2 protein chains.
Amino acid sequence: MNMTEPILKERNILNQLKVVCSLCSLRELCLPIGFGPDELQQLDALTGSKRLVKRGEHLYRTGSEFTAIYAIRGGFFKTSVLHDDGREHVTGFHMMGDIMGLDAISTEAHVCDAVALETSEICEIPFDKLSDLSMIMPVLHQNLHKIMSREIAFDHEIMLMLGKMRAEERLAAFLLNLSQRFSARGYSAASFQLRMTREELGSYLGLKLETVSRIFSRFQEEGLIGVQKKLIELKDTDGLKRLLGGLA
Amino acid sequence: MNMTEPILKERNILNQLKVVCSLCSLRELCLPIGFGPDELQQLDALTGSKRLVKRGEHLYRTGSEFTAIYAIRGGFFKTSVLHDDGREHVTGFHMMGDIMGLDAISTEAHVCDAVALETSEICEIPFDKLSDLSMIMPVLHQNLHKIMSREIAFDHEIMLMLGKMRAEERLAAFLLNLSQRFSARGYSAASFQLRMTREELGSYLGLKLETVSRIFSRFQEEGLIGVQKKLIELKDTDGLKRLLGGLA
DNA sequence: GAAACGATTTGATCCAAATCATAATCCGTG
DNA sequence: CACGGATTATGATTTGGATCAAATCGTTTC
């Protein structure tokens, strides 16, 4: 073996990385562990096919062909399914650092709508390219599995919430989770802006919008949170946690 | 390049396949698409580390180290999480052909208990070996993604059920899903034995056991199903589907 | 800047499922 | 096979959240 082969291989990887829209977004997001410093620098240096999705626009729709997964660089999305009778069910809220579209791999068609709740920047990652690439980059391969596994585990938490918690507990759990996610991304854990309506939040939590509104008011009376329209301030995190009691 | 290298590689794969407990179980189950006839025959010929789990025994427990995923060759499992206050929440029912343990990849520790509801035969698949192997077998790699993706999509359906459906709709949806799963495995779609108690079923569906019992009785009065203890007979599948209305 | 529409809050009433209670039945085990 | 605990069925009552209703507040839009 001579030295040219590894170099060629290296170059090939770099080319593919470009195609793969740059993993700079992935670096910031969910795939950071395990790359060496050099690899990280290379990933960072690459610029990829980013795209703006304006508030209210669809990133993808139910039934459209699955070709890519999407890393959110900034902004806020909801995913939802629409029923025959016109009712909407919100299946998730997604922010900077989250990956969307993983549930479509098995059917090769998207199974929900993804809509931007504010103007957002996303990074499109062609899945076949990512898949090929992960065959030669073990770390990427592992991280891909971890991301999917994390989504499964997170969904199980949601199922617990929907199946076992009362309305107050659901709201408390939601606020604490959102706070924690903002905090993990460098934003304030105590104060944040909701991007969704009461109706969308209710749909996600299995509640009616009136119930969401009432419980926000009640939490405010009890000094647990401050509410000004969409601006939420967590005033007594321990109190909220106490509400959850024995549940997770 | 000479001819020895591919042959060595091939042998290496076969050795690893043995370690990987044999993919014969996987063949029957969730990874069947994409292997050539020769590969399939080889997979079938291999016998792997199967294990019996008796009724009531744990396959794994919350917090135990994640080392393997499990393919069910026969039998029936529930997965559940236990809360501080002693309450149990059932997160899933699993039968022949299902893969369990995927939600533990990200944390490297199991996040739920898996208990056999009847004496069952499982195949343990060491995950690091499977992961290595999938690096050199693209089809295995793809199928692994598909399985995980399918689990995510299925969980979204459960979330819909828990968030939007009334008790009757949940039971109807559950019975139809179970029937369809039995049917896909070659068993009768119209008549089957429930392996779980009313309480476990209620826990899974977000209902109390009394509600489950009452609705089974009501369905029977209406001629939708026949119930004799745990033996369920679907008498009017269309009627059950009609109950679901616009949902799913 | 007024009009129009959407989002939120709050009140009154209703209902599905939980809870409480009691049998009846099943099934594992000594 | 008879005992005892677990499971199921069913009735009576309670209640949390849905539904119906109306007023207020915001924010597009023309």
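Letters go in sequence order (proteins before strands), and every chain restarts at 1. The model shown is predicted, which means the values in this text are computed figures rather than measured ones.
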*State whether B:R51 and B:E121 are salt-bridged, where the test is any N-O pair (Lys NZ or Arg NE/NH1/NH2 against Asp/Glu carboxylate O) under 4.0 Å.*
no
*Expressed in angstrom and rounded to an integer, what is the separation of A:R87 atom CZ from D:dA18 atom C1'?*
13 Å
Shorter than 3.5 Å, N or O on both sides, protein versus nucleotides 6-11 of chain D: list them out with atom names.
unit_1, atom_1, unit_2, atom_2, d
D:dT8, OP2, B:R198, N, 2.8
D:dA9, OP2, B:R198, NE, 3.1
D:dA9, OP2, B:S213, OG, 2.8
D:dA9, O5', B:S213, OG, 3.4
D:dT10, OP2, B:S217, OG, 2.7
D:dG11, N7, B:R214, NH1, 3.0
D:dG11, O6, B:R214, NH2, 3.1

_Can you measure B:E169 atom CD to C:dA17 atom P for me and round it to whole angstrom units?_
9 Å
_Distance check needed: D:dG17 C1' versus B:L162 CG, whole Å only._
17 Å
*D:dG16 P sits how many Å from A:I215 CD1, rounded?*
11 Å
*For A:R166 and D:dA18, what is the distance between atoms CZ and P respectively, to the nearest whole Å?*
13 Å
*Rounded to whole angstroms, how far apart are CG on A:L205 and C1' on D:dG17?*
14 Å
*Mind listing the closest non-hydrogen atom pair of B:F182 and B:S188 along with its distance?*
CB-O, 3.8 Å
N/O contacts under 3.5 Å, protein versus nucleotides 2-4 of chain D?
none

*Examine A:H145 together with B:F127 and report whether their ring centres are nearer than 6.0 Å.*
yes
*NA contact type, A:G206, heavy-atom cut-off 4.0 Å: base, sugar-phosphate, or nothing?*
sugar-phosphate
*Residues two or more places apart in sequence or in another chain: which of them pass salt bridge (Lys or Arg N to Asp or Glu O under 4.0 Å) with B:E210?*
none
Table please: side-chain donor-acceptor pairs of residues 172-181 of chain A below 3.5 Å, with sequence neighbours left out.
unit_1, atom_1, unit_2, atom_2, d
A:S179, OG, A:A189, O, 2.6
A:R181, NH2, A:F93, O, 2.9
A:R181, NH2, A:D98, OD2, 3.0

*Is A:T67 close to A:P126 at the side-chain level, that is, under 4.5 Å between some pair of heavy atoms?*
no
Could you pull out the protein-nucleic contacts involving nucleotides 28-30 of chain C (nitrogen or oxygen on both sides, under 3.5 Å)?
none

*Heavy-atom side-chain contact between B:T79 and B:H94 under 4.5 Å*: yes
*Assess the pair A:F77 and A:Y70: is the distance between their ring centroids shorter than 6.0 Å?*
no
*Using rotation axes that map the C1' atoms of four end pairs onto the next four (five pairs an end), what angle separates the end axes of the helix from C:dG1-D:dC30 to C:dG30-D:dC1, to 10°?*
50°
*Just one of B:L201, B:L171, B:L162 clears the side chain to side chain contact (heavy atoms under 4.5 Å, CB included) bar with B:L207, so which one?*
B:L171
*Could you state the CD-C1' distance from B:E168 to C:dA18, rounded to the nearest angstrom?*
16 Å
*For the pair A:E118 and A:R195, find out whether any cationic side-chain nitrogen is under 4.0 Å from an anionic carboxylate oxygen.*
yes
*Side chains of A:L243 and A:L224: does their closest heavy-atom pair fall under 4.5 Å?*
yes
*Thinking salt bridges, do B:R218 and B:E168 make one under a 4.0 Å N-O criterion?*
yes
_Sidechain N-carboxylate O distance under 4.0 Å for B:E88, B:K78_ = yes
*Could you state the CG-C1' distance from A:L194 to C:dT8, rounded to the nearest angstrom?*
13 Å
_Determine whether a donor-acceptor pair (N or O, by modelled atom type, separation under 3.5 Å) exists between the side chain of B:R170 and the backbone of B:L205._
yes
